[in-house]
Each structure stands twice: as C-alpha cells, then as structure tokens.
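A note on names: the letters A, B, ... follow the listed sequences, proteins ahead of strands, and every chain is numbered from 1. These numbers come from a predicted model, not from an experiment.
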Amino acid sequence: MAQIAQVIVDVPTMQTNEPYSYAIPDALRDQLQPGMRVTVPFGHRVVSGFVVGITDDTQFEGQLKPIQAVLDLAPVLNSELQQLADWLATTTYAFRITCIQTMLPNLLKAQVEREIAPTAELTAQERATYFPDGMARPFDSTKLDPTTLSGLLKLRQAGKVTVTYQVKDKAAVKTTPGITTTLPTSQLQELATSVAKRAPKQAALLTYLQQLPAQPVAQAKVIKDAGVSAEVIRAGETKGWLKRQPLEVYRDPFQQPVAPTKPLTLNDQQHAAVTAINTAVTQHAAQTFLVEGVTGSGKTEVYLQSIATALKLGRSALMLVPEIALTPQMTNRVKSRFGHQVAVLHSGLSKGEQYDEWRRIDRGEATVVVGARSAVFAPIQHLGLIIMDEEHESSYKQDENPRYHARDVALWRGQYHDCPVVLGSATPSLETRARAAKGLYTRLVLDHRINHRPLPTVHIVDMREEVKQHSGDDDFSAPLMTAIQERLDRHEQVVLMLNRRGFSSFMMCRDCGFVLKCPNCDISLTYHVNPRLMKCHYCGHEEAVPQVCPNCHSRKIRYYGTGTQKVEEALQKLLPSARILRMDVDSTRRKGAHERLLKQFGRHDADILLGTQMIAKGLDFPNVTLVGVLNADTALGLPDFRASERTFQLLTQVSGRAGRAEKPGEVYIQTFNPDHYAIQLAQTQDYERFFVTEMHMRHQGNYPPYYYAVQLTASHEDEKVAAQAMYQILAAVKTGLSDQAIVLGPTPKAIARVKRKYYYQVVIKYKHEPHLKAVLDQIRQGSQRAARGLAVTIDAEPMNFM
DNA sequence: TTCAATGCAATC
DNA sequence: ATTGCATTGAAG
C-alpha cells in the first residue's frame, strides 16, 4: 500500500490550514516521520511544509505529487509538541503552520528563495539589460526596482526565462577543526619511539595521540594539552598519523564559569511550600500551585529546591521568567545550582545560540530549562515540574499570532506530563488568584521576608499640593529631594522610576494648543534630546523639532511631559555632584547594554539609577535604600480595565527594590491620585485587600475573571472600511451568540491610527457560549475574501484593551 | 475588438 | 503567498 504524507504547507491562509496529501517516494519511505520538515511542490512552486501524519489513503481525489525532500533526520517536534500545536491553533484562532513555526527555534524556519535564469530564447538586447553577467539572479519582488521587475515578469510570460525555487534551511551546526587518529595505539607507540631525536614535538604529539578517544577532539585542545603547535599537527596529518574531522560544537551563550552553590536553609513557610510541591512532583500530580510570596520572601529558593527534587527523580524541569527578568543575575543563580544541565532560552541570544540550546534540550543533555515566553515550547521530555515566575507579567502573552498565553501552555503541558505547575508572584493576576480562591489552585503563601527584614516604609506624595506650592512642572517633590540628598550623604544608592506607559513628552503650542502628531499614526510625537528629534514610538517616524508652531506660527511651542532624558537633565541640575545612570529603551538597545548598566550600578559607579518599568523587575542591589516613583498614575488613566491592577503590581514590585539587605528601605510615590485604592493599597503592600477591592470592581463592570473576553480588531488604511468590517462582524456575532453575551463596540481603538492604518474593535464578554468557536471560525473564513488590505485579528483573553 | 488591469479560486 | 484563469474595463 502506497503511503501518503499529510503535510501542512508553509502558506499561512485559511484555505491551506489543513493537511495536504503527498506521495512518499520510495527513497524517503523509511526516513519520513510525522514532525519532520519537508519541501513539496505546491502549485507552480516549491514550499516548505511540516508532516503531521502518515496515512495509507487520502480523501484527495486528484493525482498526488511526491514530496521533494526531507529537511530533517529526526522529527523537530515530538508527538507531545505536535498535539500542543493543534491545541494552540484551535484555542488561539491562528493558522496551524504559524503555531508550528512559533514553537520551533528561529533557524528552523526554512526560507524559500526564487531565482530567475536566462534561456536561449532571449535577444542579445534583453540579455544585456537583465543578465549583464549572463548568470541567474535572485528574484525577490520586494528588492527589485519596479522597472526591472516588470521587465522580468514580461520575459517570464513569454517563456524567455525560467524561475526556480530553492528552499533554504538556515539551520547550521557550528564546527571547529577536530582531530582523530585511525592508527592503533601500538602503532602510535612504535612511531613515537622511532621518530627522529630532533623532533621532540612530534614525539609528544604521538604520545598524546595514544590516549585520544575515538571521537574527534578539538584541535585547540590538542595544541594546549599536548603542548605542540598547529604546524606539528599539520606535519602529523601529512604523515598519516591523524585525520582532520570537523567537530560539532555548541555556541555556548554562557561562557564564564559560575561558582556552584548549595541549597540554602529554608524558613518555615518556604519549607512548607517546598514540601507541598515536592509531594506533587513525587506523585506525578498535575496540580497547580500559586506561590504568593512578597518581594524578598525567597521564592527563587523554593523554585530551586523543587527543581532539585524533580531532577533527583530523573525528571526535568522548566522555569519560565519574564524576558526582562532574564538577567545574568537570575540565570547565574540557576546555573550555579544545577551547572551544565541548565539551558537558557531568550531573545537576547543569537539565533545560532538559541538553536544550539534548543538542540541540547532536544537531545536530553539539558534537563533544566530557564527561559522567557517561547521557552514554554522547549522540547523537554519527562517533565517533572513547570515553574512560572512573576506569573502576572503581561509579557507572557504574545501580542502577535498565535496570541497565546504561556501560562495556558504551561498548564497544558503540566496535564500532559502529569506534573505540577507552580505559578509564582508577589502580586498574582486576578485570574490566578481567583482560581486559587475557588480551590482550583493550591495557594502557598510566603509573607515573611527572609531574615525578617521589614518591608520598606512607603510614603505617598500628593503632587497636587506640591505643584500648588512650587511653580509649575517640577518632576521632583520636596520630600523626595530631601530623601535623595540623605542617601547621597550616606553613600547609599537610589532607584528612580519613571512610569512611561502611554505617556511621553510631546510638543504643544502655548498659544493655540496645537500638538505635534505623527503623520502616520494618531499619536503625538515624543521629544528626544539626543539626537534632538521628534520620534513616533509606534512607527519610528522622525522629524526635526519645530521652532515655530506649524499651526499658528507662534514661537511659544514647547515640550511638555516627562521623558527619562529630560528628567535626567533636570535631576543633574538639582544635584550637580550626583552620578546618574539612565536606563531606558534608548540606552539599552544595544546587545548587552542592559547587563552592563546594571553591573555599573552594582559596583556603585553611580548613585542614582533612573529608568522606566524595566528597573522594577528582579534587581537586587543591597545598597539601594531609596526608591522613588516619579509619576505613579500615568497608567491609571488608560482605557483598560487592568489599569489599576497594573499600577498596583508595578508599585508593589518597584517598592520591593528598596532595602533588601540589612539597611532598611524607604519608598516615595509621587502621584496626582493619592486617594486611589491601587496607590493606597500599594503603600501598605496589601495584596489581599487589593484583590478583594479589585474583584469587586471587576464584578461591577462584568470584566474578567468574572467574564471571559475576546477582542476582535479590524484594521485598514481607509477608516470606513475598517469600521464597516467591524459592523459586519458585530452582526455575525450578535446572531451567533446567546443574549447572555455582552458585546461592546465597534469602537475605534484608543490609539485609532497606527502606521497609516485605522483600528476598530469589538469586545465580547461572555460566561458560557458553546457556539463562540464556530462563530469566530466563520468570521475568520469570511475575513479571508474581504477587501484587500483589511486585517482582522481575534484575540482570546487579550492583555491590552487599547 | 484587443489588450491589460483586477478579481478569484486553487494550490495535494 | 503565488499563480493561472476569468472577468471586467479602457484604448484601438
């Protein structure tokens, strides 16, 4: 019986979102397995694809085409991850191939390249114009200029040129020169004694070769260990003593060795938590834990000791951390406990490094994986424990297709492997905390700080009063300045956070009120000092800083609001002797800059670390005794039901940065909303009261976790088209769902225009809608043949309502 | 009437 | 996504 491969082709459309049948040529029959990548003829070209099954027959009536080539020796997705891909596609409304690609390291994304070659049919004239060197040339419609492109297309119509497709697999294994010997030890011994007296180096090499293992050894190692030069090795090669053979090496992103650490002694609460988790690990129970631990309560040690238990049982562990927290501080801590068996996966690595870490995991050489969001797809086998630190972080949700939440994937894998999942946070998401309240998750509370260090004292500064007393737009209140000065006098360090979410410094005319906006997007341009430019944070548009108002030509156009650079300048003016380190998107763009700045601060090369949200997470500097939040409430005004939750989390998180060692810490929060519950409760770090208050608000507003939510968005260059599409979708939703469902919109998004496109959205809130999936799938089908340029997205449980 | 731009369905 | 093929639209 002829075997048939079921292939998902790499063409992300609705029509090709199911397997296509291909004949398996005899030569590939033994080799091919589900989970492998292949190249297949598709229409009039070749595309890459992914084998999801091998069957004996097919529904397809027509003539099957054969698979062209197999790209892998072994499946790149095992059976678990293949099932996970299917689940991901159904729950996130994404294409199957998109899900598969997301789960694989970047380098395994095969690329199709087109080439165009001349034929004998061409006239000399045409040949000279299009093929000056007579050779085939790359045919990339995005890179060729329009005239050449249309010319080439005409020639193709006439059949005067041929187009070929080449699927390029970028997966490259790095090698280093290696050495092996084929001679038996006895012969080498003989040679060593018979070699000329005045060639001691050759003798040394021969002696060394005798104890060489069968596998190739790096040439660099031979040179070092045998004490010979590359010259001698070359001589040995010509004499046939040894053979050169490329040796596969891993690009190790973690070069520097780390000092091993021993498990620390646990306090009672930590001990209770570890015991509970260990029991679940040992019993292979797919139980979910919520470790609710205040900052400084030693959550990480609980994670590490639980991981140790899984390893002892011969199982592996996955630890997820927000990208921003994947600092060397954090990875070092895991590496120094578990050594070489740790693999690290995050976007800071090069693609080659990512691929190599992925392969170490796939081969079972790494049994502890630490990584950011996408590491939840790591090909770990025999999972014994999954940990997700800072579980509330919104970066665990991917904001492009597939719009998955790593927490959901982690829970899925926990079920699959029958292993516990530990969600950890000082400020759990309302969803998670509510599930714990319902008894779905086991709650483990760590409310003592290690060594009973007190929580920092938090002061709230009413900026309305400050502005009244002083003149105008000062970013620094008197109490905060006094506190900073005290630290400088005592040679202690200060962390200042500028909340930048949805807030920036913009140009406004004081005469006519004109605000300078991006010509492509609907948002105001941000003022940058160095280089002095107006920039759009969404599309990257740049323009010169205007001297006069473009609207009324007044010279009184000034910038308003607060950027890190402006604050830095102002602060430097107030404290001329203070050494200030600025950490924001601009100063950390280059690879490793983030790490370098933190090291600098850790060495006390600076007194004040000034930064955006990124400094709130996971830093641990013992000499920091003061934390200031310059503008606590910029996020509160945003049209998002999670605004309070975000604000509370951020303030609590950043407050934890103060006084982590023996010196007590102080926190100053500057706000224009001193009475808001999110800020009041952040002052006392009272998560439980915040939870109860916020749950009440969510209940009032019919928001998650009381309701599920789906956000539908349509975007188009023409505002009318986008709006119209949304009204059609609205009609489909209304007829398809019960009247229990709450449908909001269509409304223009808070930032209605981004990159020359208008955005409209509809939000569905529901408790139980069995037909929802069918309705949304139908919308997905419909959006396929809608107006050109119209993009419809479906986001289940969105994190951003803007 | 002819050629070209535009829309549309199919791709195993 | 990309293609060939049908349909419609503008010039001959």
Side-chain angles (χ1 to χ4, degrees), chain A residues 1-26 28-29 32 34 36-71 89 94-102 109-117 138-144 146-169 400-402 716-718 721 724-725 778 780-793:
Chain A
M1 180 146 302
Q3 285 203 53
I4 292 161
Q6 302 299 327
V7 176
I8 305 270
V9 292
D10 183 9
V11 179
T13 64
M14 208 59 218
Q15 302 99 304
T16 54
N17 198 27
E18 54 183 58
Y20 278 59
S21 302
Y22 283 88
I24 306 175
D26 289 343
L28 302 177
R29 194 147 300 168
L32 198 68
M36 288 179 172
R37 297 170 307 144
V38 290
T39 60
V40 290
F42 187 72
H44 299 269
R45 63 216 168 101
V46 177
V47 298
S48 65
F50 189 87
V51 181
V52 292
I54 292 176
T55 53
D56 285 331
D57 49 12
T58 172
Q59 309 276 57
F60 185 66
E61 311 268 292
Q63 177 68 44
L64 294 188
K65 290 183 181 177
I67 284 183
Q68 191 202 47
V70 182
L71 293 180
F95 299 124
R96 292 178 70 177
I97 192 65
T98 315
C99 294
I100 290 164
Q101 314 252 43
T102 306
K109 219 175 281 170
Q111 216 78 71
V112 180
E113 281 174 17
R114 282 202 301 188
E115 253 193 0
I116 193 156
F139 184 40
D140 183 345
S141 45
T142 56
K143 280 198 184 124
L144 289 167
T147 10
T148 320
L149 183 63
S150 72
L152 286 170
L153 286 172
K154 281 218 178 71
L155 290 177
R156 176 143 81 128
Q157 289 260 297
K160 288 177 171 180
V161 290
T162 54
V163 176
T164 54
Y165 296 85
Q166 194 70 45
V167 176
K168 287 259 155 74
D169 187 3
E400 58 187 54
N401 286 333
H716 195 272
E717 292 206 359
D718 184 347
V721 177
Q724 233 163 37
Q778 190 200 321
R780 222 145 69 94
Q781 295 277 359
S783 72
Q784 202 44 220
R785 53 180 167 290
R788 231 178 75 79
L790 181 81
V792 176
T793 61

Show me, pair by pair, the donor-acceptor contacts under 3.5 angstrom made by side chains of residues 43-52 of chain A, not counting sequence neighbours?
unit_1, atom_1, unit_2, atom_2, d
A:Ser48, OG, A:Asp10, OD2, 3.4

Under the side chain to side chain donor-acceptor pair (under 3.5 Å) test, which residues partner [X], sequence neighbours left out?
X        : value
A:Thr16  : A:Thr13
A:Asn401 : A:Arg403
A:Thr58  : A:Ser21

Indicate, with yes or no, if the rings of A:Phe60 and A:Tyr20 have centres closer together than 6.0 Å.
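Centroid distance A:Phe60-A:Tyr20: not below 6.0 Å, so no.
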Looking only at side-chain atoms of A:Val11, point me to the closest of C:dT3, C:dA1, B:dC12.
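Looking only at side-chain atoms, A:Val11 lies closest to C:dA1.
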Nearest to the side chain of A:Gln15, heavy atoms from C-beta on, is which of C:dT2, B:dC12, B:dA10?
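Output: B:dA10.
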Atom-to-atom span, [atom1] of [X] to [atom2] of [N] - whole angstrom:
X        : N      : atom1 : atom2 : answer
A:Arg45  : B:dC12 : CZ    : C1'   : 13 Å
A:Leu32  : B:dC12 : CG    : C1'   : 15 Å
A:Glu113 : C:dT2  : CD    : P     : 13 Å
A:Leu64  : B:dA10 : CG    : P     : 18 Å
A:Met14  : B:dA9  : CE    : P     : 16 Å
A:Ile8   : B:dT11 : CD1   : P     : 16 Å
A:Ile116 : C:dT2  : CD1   : P     : 14 Å
A:Gln111 : C:dA1  : CD    : P     : 13 Å

Among all residues two or more places apart in sequence or in another chain, which pass the salt bridge (Lys or Arg N to Asp or Glu O under 4.0 Å) test with A:Glu113?
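Checked A:Glu113 against salt bridge (Lys or Arg N to Asp or Glu O under 4.0 Å); matches are A:Lys168.
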Side chains of A:Gln6 and A:Thr55 only: does a donor on one sit below 3.5 Å from an acceptor on the other?
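Yes, because at least one side-chain N or O of A:Gln6 sits under 3.5 Å from a partner of the opposite role on A:Thr55.
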How would you label the contact of A:Pro41 with the nucleic acid (heavy atoms, under 4.0 Å): base, sugar-phosphate, or nothing?
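Sugar-phosphate: the residue A:Pro41, judged by heavy atoms under 4.0 Å, touches backbone atoms but no base.
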Contact class for A:Tyr22 vs. all strands (heavy atom < 4.0 Å): base, sugar-phosphate, or nothing?
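Sugar-phosphate only.
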Produce the list of close N/O pairs, under 3.5 Å, pairing protein atoms with atoms of nucleotides 4-7 of chain B; give distances to one decimal.
none

When you compare the ring of A:Phe60 with the six-membered ring of B:dC12's base, are the centres less than 5.5 Å apart and the planes under 30° from each other?
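Here A:Phe60 meets both the 5.5 Å and the 30° conditions.
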